[in-house]
Amino acid sequence: MTTRYADFYRQSIDQPEAFWAEQARLIDWQTPPAQICDYSNPPFARWYAGGTTNLCHNAVDRHLADRADQPALVAISTETDSERSYSFAELHAEVQRMAAVLLALGVTKGDRVLIYMPMVAEAAFAMLACTRIGALHSVVFGGFASGSLASRIEDAEPVAVVSADAGSRGGKVVPYKPLLDEAIAQSRHKPQAVLMVNRGMAPMPLHPGRDHDWAALRAQHLDATVPCEWVDATHPSYTLYTSGTTGKPKGVQRDTGGYAVALAASMQHIFDAKPGDTYFATSDIGWVVGHSYIVYGPLIAGMTTIMYEGLPIRPDAGVWWSIVEKYRVTHMFSAPTAVRVLKKQDASWLRKYDVSSLKALWLAGEPLDEPTAQWISDALQVPIIDNYWQTETGWPILTLANGVEPQTTRFGSPGKAMYGYAVKLIDESTGEELTGAHQKGVVAIEGPLPPGCMQTVWRDDQRFVNTYWKSIPGKLIYSTFDWGIRDADGYHFILGRTDDVINVAGHRLGTREIEESIASHPNIAEVAVVGVADALKGQVAMAFAVARDASGLGDPAARLKLEGEVMQRVDQQLGAVARPSRVHFVTVLPKTRSGKLLRRALQAVAERRDPGDLTTMEDPAALQQVRELVGQGG
Ligand code: PRX
C-alpha cells in the first residue's frame, strides 16, 4: 500500500513540472512563470525563469491586507533585557525606511550589501530591505572576526555594510566596530558606505564620508515609501558564505522565485504551519537556518517570528520555555547541542512553564543522538523532528513531511527524502548507486536540485560544477559530502562528512581555514586540524602543530604560552567559534610517503580509535606522539 507521502514524493520526482507549478501558487507573483524549470544547461537549474516576484513582498507586504496588526517580528534579548515587537504594518514601515536609507547610500539592484550584525531587529530589516530593492545581502555571522570578515568583503564586493556597535554573549559585550574597521582595512575592496546601528553598548567612531548612523538617517526617512522591485525569479536574492575543503569560503548564491516557493512549500508540508502561528528558531541570522527559518520562511507563511539574542541557560535554563509560554510558540527550531546544554540542567525548568502551545520541536545542523532526542521528547511531550540539510540547499533534504502525512519519528534518523530531492546513496569509488538497505554511501542528489537550492557559487560557476557535481566518478550528480545509509523503509541515517568540514555545536567550520590561521603564527611550521568527537558539542576542533623552533617546548609553561598565542590568533582572525579546543605540539605529522596528510588516521587516534591501514605511512612514530598526547588527556 502506498502512503500519501510516498505518492506526494513520487509525483515531485516523476512530474516535477506539474508538482512545482502547483507549489508556485503558494506565493504572489507579479508575472506568473510560464516555464517551471529550465534545465537545458545542467547542473544549472533555472526555476520559474521569466516569472517576476519579490521576496520582501511575499514576506511583508502580502500580509498587510489580512494581518497588518499581527506581530510579525518579536526581537527578544536576554543580553540587554529587552523585547521589541513589530506588527506586519510596523515591519513594513521599518523595512521601507531601511530600504530608503540604502538607496540614499547608493545601493541599487544587483549590488551587494554585507550585513554583520547581532540578533537585533534591524538585521532583519536590513535583509528584507535588500531583497525589497533587488540588492543581494550577504550576512556574515557576528561571531566571526576580522579575517573571516575581510575575505567575505573581498569576495562579495559590497557597496555598503550594515553593522552595529556591538553584540553580546553571556553578558560579555563584543564590540563589532573595531573588527569591521580592521576587516575593511585588510580587504582590497572598500565599501562605499557603512551604516551603523547604535545600541549604546560600545564606542563606534564614525569615519567621515563613509560611516553613517542608522538612527539619524532613519529619522530622515520616517515616512519613506519604497515600492518592491519586481525581479526575475532567477535574480539572486543573497549570498551566504560557507566552508568547504579549501581555505576559501564559498559564496552560496540563492535565487528569488525558487527560494520563495521552496520556503512557502516547506512551511506547509514540513512544518504544517498556519498564518498566525508563532515560530521560534534559536539559530542566528548568520547561518542558513536564520535566513530560511528566522526571517523568510515564517514571514512568508504569515507567522510571527521570534528573534532571540542570548544563551539558552541565561538568566536560567527556563528562558526558552518562558518565551514559548509568553508568545504561545507553536513551532520551535533548534540544534542538538542546545538541547544537550539544557539536558545538563535541572529538568524541572521545563515543567515550570506552560509549553502546551508547541506542536513540535525541529532540530538540525548536526547529528541528533538518541539519548538527547529521548530526553527532550520526554520533557516536552511533543514530536521531536530531526531534519538534515545544508547551507547549499536552503531547506530540508531529509526529514518528515508531517504536513502531508504524519509519520513516525525514528530517533537517530532525520527521516525520508523530501519531495523534490532525488536522494541517492553512491559508492564513493565506483560511482554506482547503492540500492540495498544499510549500505553506506555518499549522500548525493540527482539534478536538477529542487527550487530553493543554491544556483551557483558566487561569481564562480566552475567551482560550483567542480566542487559539487564532479566528485563522484562518471556521474554529474550533486554531492552533499556526507556519508549515509538507508533502511528498508526509506529512513536515512547520516554518518558524518566525507571531507574536511567539521561541525562544532552545529556550526559548520572548515579545518583548512583554521589551519591557515594557525600557520600564520611565526613559530608554526606545519599544522593539521581535525574534528574530534565531543559529548556536548558533537565535535571540537583539535590542532596538532609542528613548531619552527621547538627548543624550549619541553617546558610545559612554554608549550602553554605558545598554545595560548595560537588560540588568540584564531580568535582574532576567525573568531572564537573557530578556536581549537587544544593545540598539541608534535615533532612530525602523520603523512604518506608522498607527503599527503593522513587526516583520518590522525582523527581516529585523537578519538582513541584504531587508525586502520597505515602501510602507506611515512613515519609510524608520528601517530605514537598523538596517541601519547591524547592518551594523557592533555
Ligand atoms: O554534515 C551535515 C550536517 O551539517 C552540514 C550542513 O551544515 P550547514 O551548511 O551549516 O547547514 C545546516 C542546515 C541545517 C551537513 O552537510 N548536518 C546538518 N543537519 C544534520 C546534519 N548531520 C546530521 N543530522 C542532521 N540533521
Side-chain angles (χ1 to χ4, degrees), residues 139-141 143-144 238-245 249-254 262-263 266 270-271 281-294 296-297 333-340 361-370 372-373 376 384-400 409-418 421 423 442-445 449 452-454 457 467-468 471 478-486 491-511 513 531 533 537-539 577-578:
V139 183
V140 177
F141 176 53
F144 282 136
Y238 68 77
T239 65
L240 178 59
Y241 288 87
T242 194
S243 306
T245 296
K250 294 180 285 271
V252 167
Q253 179 184 319
R254 192 104 54 216
L263 291 183
S266 75
I270 297 175
F271 296 99
T282 67
S283 182
D284 188 285
I285 46 138
W287 307 110
V288 70
V289 175
H291 284 63
S292 293
Y293 296 117
I294 293 176
Y296 292 113
F333 193 122
S334 193
T337 293
V339 178
R340 287 192 292 264
L361 169 68
W362 283 265
L363 296 171
E366 54 178 324
L368 173 62
D369 55 285
E370 256 185 85
T372 300
I376 191 71
I384 305 302
I385 306 176
D386 191 355
N387 56 116
Y388 159 83
W389 46 294
Q390 308 182 301
T391 304
E392 288 84 346
T393 67
W395 61 283
I397 304 169
L398 301 172
T399 186
L400 298 177
T409 300
R410 287 193 192 168
F411 289 155
S413 163
K416 302 184 177 181
M418 280 302 96
Y421 289 101
V423 177
V442 179
V443 179
I445 306 165
L449 294 178
C453 294
M454 74 189 293
V457 173
T467 304
Y468 294 105
S471 72
Y478 173 88
S479 174
T480 61
F481 298 100
D482 282 301
W483 296 110
I485 55 171
R486 179 170 44 217
Y491 284 80
H492 292 70
F493 297 79
I494 298 296
L495 308 171
R497 297 278 304 193
T498 67
D499 61 5
D500 301 330
V501 166
I502 60 170
N503 199 317
V504 179
H507 296 168
R508 173 169 164 182
L509 301 169
T511 50
E513 275 169 272
K537 297 181 171 182
Q539 277 186 312
V577 284

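Counting from 1, the numbers follow the sequence of the chain as shown. In listed order, ligands and their atoms are each counted from 1.
- For Thr239, the side-chain contact (heavy atoms from CB on, under 4.5 Å) partners two or more places apart in sequence, or in a different chain, are Leu136, Ser138, Tyr241, Gln253, Trp458.
- For Asn503, the side-chain contact (heavy atoms from CB on, under 4.5 Å) criterion is met by Glu366, Gln539, not counting sequence neighbours.
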Show me a pair-per-line table, with atom names and distances to 0.1 Å, of protein N or O atoms that are under 3.5 Å from an N or O of ligand 1.
unit_1   : atom_1 : unit_2 : atom_2 : d
ligand 1 : 1 (O)  : Asp482 : OD1    : 2.7
ligand 1 : 1 (O)  : Asp482 : OD2    : 3.3
ligand 1 : 4 (O)  : Gly365 : O      : 3.4
ligand 1 : 4 (O)  : Asn503 : ND2    : 3.4
ligand 1 : 9 (O)  : Thr391 : N      : 2.8
ligand 1 : 9 (O)  : Thr391 : OG1    : 2.5
ligand 1 : 9 (O)  : Arg508 : NH1    : 2.6
ligand 1 : 11 (O) : Thr391 : N      : 3.3
ligand 1 : 16 (O) : Gln390 : NE2    : 3.0
ligand 1 : 16 (O) : Asp482 : OD2    : 2.5
ligand 1 : 16 (O) : Arg497 : NH1    : 2.7
ligand 1 : 19 (N) : Gly365 : N      : 3.1
ligand 1 : 24 (N) : Glu366 : O      : 3.4
ligand 1 : 26 (N) : Asp386 : OD1    : 2.8
ligand 1 : 26 (N) : Asn387 : O      : 2.8

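- Between Trp287 and Phe333, the gap from one ring centroid to the other reaches at least 6.0 Å.
- Centroid-to-centroid, the aromatic rings of Tyr238 and His291 come within less than 6.0 Å.
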Going through the checks in order, is the side chain to side chain contact (heavy atoms under 4.5 Å, CB included) test met by Leu398 and Ile494? CA-CA 10 Å; Leu398 301 172; Ile494 298 296; 3.9 Å; yes
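- Scored by the salt bridge (Lys or Arg N to Asp or Glu O under 4.0 Å) test, Asp386 finds no partners at all (sequence neighbours excluded).
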